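Basis for what follows: all heavy atoms, side chains included, without hydrogens, waters or symmetry-related copies. In the text below, chain A, chain B and the rest are named by the order of the sequence lines, each starting its count at 1. The model shown is predicted, which means the values in this text are computed figures rather than measured ones.
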2 protein chains.
Amino acid sequence: MSTPRTLHLNAFLMSTGQHEASWRLPESDPIANTKVEHYQRLARIAERGKLDSIFFADSPVLFGEVGRRPAGKLEPTVLLTAIAGATEKIGLIATASTTYNEPFNLARRFASVDWVSGGRAGWNVVTTAGPDAARNFGVDDQPAHAVRYQRAAEFIEVARKLWDSWDDDAIVADKAEGVWGDAGRIRTIDHEGKHFRVRGPLNVPRSPQGHPLIVQAGSSESGKDLAARCAEAVFTAHQTLADARAFYADLKARTAAVGRDPEGIKILPGIVPVIGATEAEALKLERELDELIKPEYAREQLAKTLRVAPEDLPLDRQLPADLPSEDEIEGAKSRYTLIVELARREQLTVRQLIGRLGGGRGHRTFAGTAEQVADAIQEWFDGGAADGFNIMPPVLPSGLETFVDQVVPVLQDRGLFRREYTASTLRGHYGLERPASRYAGIEAPQLTSIGSGF
Amino acid sequence: MSTPRTLHLNAFLMSTGQHEASWRLPESDPIANTKVEHYQRLARIAERGKLDSIFFADSPVLFGEVGRRPAGKLEPTVLLTAIAGATEKIGLIATASTTYNEPFNLARRFASVDWVSGGRAGWNVVTTAGPDAARNFGVDDQPAHAVRYQRAAEFIEVARKLWDSWDDDAIVADKAEGVWGDAGRIRTIDHEGKHFRVRGPLNVPRSPQGHPLIVQAGSSESGKDLAARCAEAVFTAHQTLADARAFYADLKARTAAVGRDPEGIKILPGIVPVIGATEAEALKLERELDELIKPEYAREQLAKTLRVAPEDLPLDRQLPADLPSEDEIEGAKSRYTLIVELARREQLTVRQLIGRLGGGRGHRTFAGTAEQVADAIQEWFDGGAADGFNIMPPVLPSGLETFVDQVVPVLQDRGLFRREYTASTLRGHYGLERPASRYAGIEAPQLTSIGSGF
Ligand SMILES: Cc1cc2nc3c(=O)[nH]c(=O)nc-3n(C[C@H](O)[C@H](O)[C@H](O)COP(=O)(O)O)c2cc1C
Ligand SMILES: Cc1cc2nc3c(=O)[nH]c(=O)nc-3n(C[C@H](O)[C@H](O)[C@H](O)COP(=O)(O)O)c2cc1C
């Protein structure tokens, strides 16, 4: 008798909500982005709904359009730590860039969050697109897309070695003999690769989960390869069931092809649920939000993504025919393709496209009643397109509250979602094992210090 | 009428205490170093005593002697964030290295901790001595001492520019007009220096303190120069009143010489208070702790610091005569000199020196009653040697509890220390102003994004 497959749900938290105009609603606190209490409250709502995890996107740069919507935010590992103290069970996932960090520092930070949260930390590995971020780190332009992904793969390898550098039982704490750690169970990793040379060991004992959960969110060819090799959960954006299903089959096949169990990678497309008591009410809310978008801002952003001048995008015309191909894009490849395909498939004008992107930012928006949202979720889940969803409420906190109070019970009644947590770690929620250390049982060479401490 | 000068007190927190054998006492939890509750409890004790701040040392490396004492610890900005949620007023200072971090990432992290704590964040700027740390970051040996300090100075400059990149009133949040931030009050910093090129702006709005407090802890010539130019508080280690007084006068003079108010830099020597109901009891506790030190470990560490072989340090002989001069040391210069001078001045054997270092690690140890500890503190404070102290309890939590419950009331009765907090930020506790932004009032050039977001 096999256990029935159940959904995994993550809450995507972003200041006043996923919809770019959400901050303009009367109910929204426009400076919520610097308030830790706001995020603690959101996390507690998500925990009330027994969601698997919450998630913060991130990039080490201030995006240009500060006029347009709340910009700037607290560093995500700091924010997760503050949330860890205000919650008990829910998983905590932060994005961090492999292009603009050092593996030792980041591995340490996630291990620390894992300790502080009792095993609830996850890391969304991203390669950070765009020259703006590069210029905050002494380089004029982003490294090439392929190079960023090579570095990301090696970065994860180094992090995992560091997380394994202490055996689980390395601390003996023998007060009588005066021996604290067993030097035979703590080791240097002596990593020598193309991008990194790292000696180790990490200066944090092996954390509750062994390895914090690895999440991945790039959907280009290189992104999918990285996910297949390294990721345990994947966030992705699809507009249609067919696209999502193709992505799902592709990624599970790639995962199997590298010798991993396809069950060990959970695929979570985004959905922006606009929920109303009736369908008409939901559509009205969606329309009201879209009408608050200022097209001049959004057109500028779109022009940058498409690498054309804003003047080449008249608001009431469709996209120009001669846009670059994905191959020519060095930034976020899959996002570029998603936008162009959406516009062409639905023959959207620039104004309509902006409405669609402003609401979901490339993710599927679904407006309807709680029952209809549950149906939409179930359709993709049963249809081989998802292991769960990244829930991106258009407005926060209200959109998350509505989801938790109205959609989650429907999913529970249908037997699709847990009624209580059955685990207390992030890996546990996603049904994943705690990894053994790659070095377990191997005697470490005597650790010698080559210099002195401070 | 001038306000009477009052002490500033910081609590130095380190797993089971400053004494290297503290973890072996029956009362100690030897794995406290990974437990956030332990540190939250310590911070609450310090807050009960109205101390200015708590502090964590740090280095991005695991020091070699894992057998000897608790090794490894949580990353300090993560730990401070967890403590922020468990306290209300006390300042929160973390050490971070300018040699193995990027200014954008670190400036952002401290700004985030400042937001999360409501203006209580401080950063102890260190340059990180030793090749072990270097090898965790792809380099074979530490950069030269002078180069590390040059980089540190530029690093702080960049951080401060980033902290100023948003005006305090940059967020207009005009819902009706749909304008969130005023692009004229958020700017790139376009820093181009010898070590860093950073465009900015920071992706965090200006934080409650404007700039987190800058603390400094290196006492070499370069260290003192950096402190004079940049620091607002200084941790330092001295064994004698004469040495501490000379350091104090020197650093205040250097601060005045660069055009700063010498009151704007608070000098805090370390003191390890071993407190007993009687002097004899205090001395007994000190002796018991020292007897738990295993000399073989400590000798190895000492040999590394002195750059000799362990065999050249017979336990019952004094130090060899031909040791290197401070000029030849590329690591922690002032610590090296302190150790050698202590041994020579007091004609200590290696075994005795190890006892002294194991207890205080170079800091002044003082054993006595609460009254006597208060006297020792007052003597240096009145004697022109200190603006306050870095309290380094030999055993935690008990040594901090005793200090707070027994020494603090004596200092309060003498009018030397606050009975209640009069401020709610770290700067406020240290009597320092909130800095104005260097850019305030200067119109920012229109911020343009040169790439697109994800
Ligand atoms: C839900 C979701 C969240 C994402 N969050 C981030 C993020 O926080 N930071 C980031 O740099 N990229 C993020 N990405 C990835 C980018 O959208 C983009 O895919 C990436 O820059 C590179 O992907 P590529 O492999 O498609 O080129 C996210 C993607 C998805 C689907
Ligand atoms: C109380 C105190 C705490 C310190 N904490 C650290 C620390 O956490 N990390 C570090 O690398 N150096 C720390 N230092 C500085 C070193 O001891 C040493 O001074 C530094 O490596 C370089 O200093 P120099 O200027 O003497 O060469 C601390 C110093 C003192 C007095």
- Message: Could you check whether any side-chain N or O of A:Arg24 sits under 3.5 Å from a backbone N or O of B:Ala176, counting only pairs where one atom can act as donor and the other as acceptor?
- Response: yes
- When heavy-atom pairs shorter than 4.5 Å are enumerated against chain B, which of A:Gly72, A:Pro30, A:Gly178, A:Gly138 gives the highest number? A:Gly178
- Task: Show your reasoning for whether side-chain contact (heavy atoms from CB on, under 4.5 Å) applies to A:Glu75 and B:Val204.
- Result: CA-CA 8 Å; A:Glu75 193 280 326; B:Val204 184; over 6 Å; no
- Item | Interatomic spacing from CG in B:Asp140 to CZ in A:Arg199 - rounded to 0.5 Å | 11.0 Å
- With a 4.5 angstrom heavy-atom cut-off, could you sort out which part of B:Val78 is near chain A: side chain, backbone, both or neither? both
- Task: Only one of B:Val179, B:Asp182, B:Ile186 passes side-chain contact (heavy atoms from CB on, under 4.5 Å) with A:Val66; say which it is.
- Result: B:Ile186
- Check A:Pro201 against B:Leu62 and note the closest heavy-atom contact, atom names and distance. CG-CD2, 3.4 Å
- Just give me the residue among B:Thr128, B:Asp174, B:Asp141 that pairs up with chain A most often, heavy atom to heavy atom, under 4.5 Å. B:Asp174
- Taking every heavy-atom pair that is under 4.5 Å apart, which of A:Leu74, A:Val36, A:Leu80 has the most such pairs with chain B? A:Leu74
- Against chain A, label B:Val139 side chain, backbone, both or neither, depending on which of its atoms sit under 4.5 Å from a heavy atom there. backbone
- Between atom OG of A:Ser28 and atom NZ of B:Lys175, what is the distance when rounded to the nearest 0.5 Å? 5.5 Å
- Per-residue tally against chain B (heavy atom, under 4.5 Å) across A:Phe196, A:Tyr336, A:Phe137 peaks at A:Phe137
- Contact leader toward chain A among B:Arg307, B:Lys294, B:Arg197, B:Arg68, where contacts are heavy-atom pairs under 4.5 Å: B:Arg197
- Counting only heavy atoms closer than 4.5 Å, note whether B:Ala133 contacts chain A via side chain, backbone, both or neither. neither
- From the list A:Gly85, A:Pro205, A:Gly181, A:Pro70, the residue making the most non-hydrogen contacts under 4.5 Å with chain B is A:Pro70
- Note on the structure: If one checks every heavy atom of B:Val198 against chain A at 4.5 Å, the contacting part turns out to be both
- Does the distance from a Lys or Arg side-chain N to an Asp or Glu carboxylate O, for A:Asp58 and B:Arg108, drop under 4.0 Å? yes
- Using ring pair (Phe, Tyr, Trp, His ring centres under 6.0 Å) as the criterion, list what pairs up with A:Tyr39, not counting sequence neighbours. A:Phe56
- Query: Do you know which two heavy atoms are closest between A:Ala82 and B:Thr81, and how far apart they sit?
  - Reply: N-CG2, 3.7 Å
- With rounding to the nearest 0.5 Å, note down the distance linking CH2 in B:Trp180 to OG1 in A:Thr16. 10.0 Å
- Of the backbone (N, CA, C, O) and the side chain (C-beta and beyond), which part of A:Val61 lies under 4.5 Å from a heavy atom of chain B, both, or neither? backbone
- Message: Need one label for B:Ala173: side chain, backbone, both or neither, based on atoms under 4.5 Å from any heavy atom in chain A.
- Response: both
- Task: Using non-hydrogen atoms and a 4.5 Å limit, figure out which bit of B:Leu25 sits close to chain A: side chain, backbone, both or neither.
- Result: backbone
- Relative to chain A, which segment of B:Leu162 carries a heavy atom at a distance below 4.5 Å: side chain, backbone, both, or neither? neither
- Minimal heavy-atom distance between B:Asn136 and A:Phe104, with the atoms involved, is ND2-CE1, 3.4 Å
- Query: Which atoms of B:Glu177 come close to chain A, meaning under 4.5 Å heavy atom to heavy atom: side chain ones, backbone ones, both, or neither?
  - Reply: backbone
- Value rounded to 0.5 Å, distance of OG1 in B:Thr77 from CZ in A:Arg109: 6.0 Å
- Item | chain B contact via A:Leu202 - side chain, backbone, both or neither, heavy atoms under 4.5 Å | backbone
- Could you tell me whether the side chain of A:Asn105 and the main chain of B:Tyr100 form a donor-acceptor pair under 3.5 Å? yes
- Note on the structure: Between B:Asn203 and A:Ser59, the two heavy atoms sitting closest are ND2-O, 3.0 Å
- B:Pro103 portion near chain A, given a 4.5 angstrom heavy-atom threshold: neither
- Query: Heavy-atom distance under 4.5 Å to chain A: side chain of B:Asn33, backbone, both or neither?
  - Reply: side chain
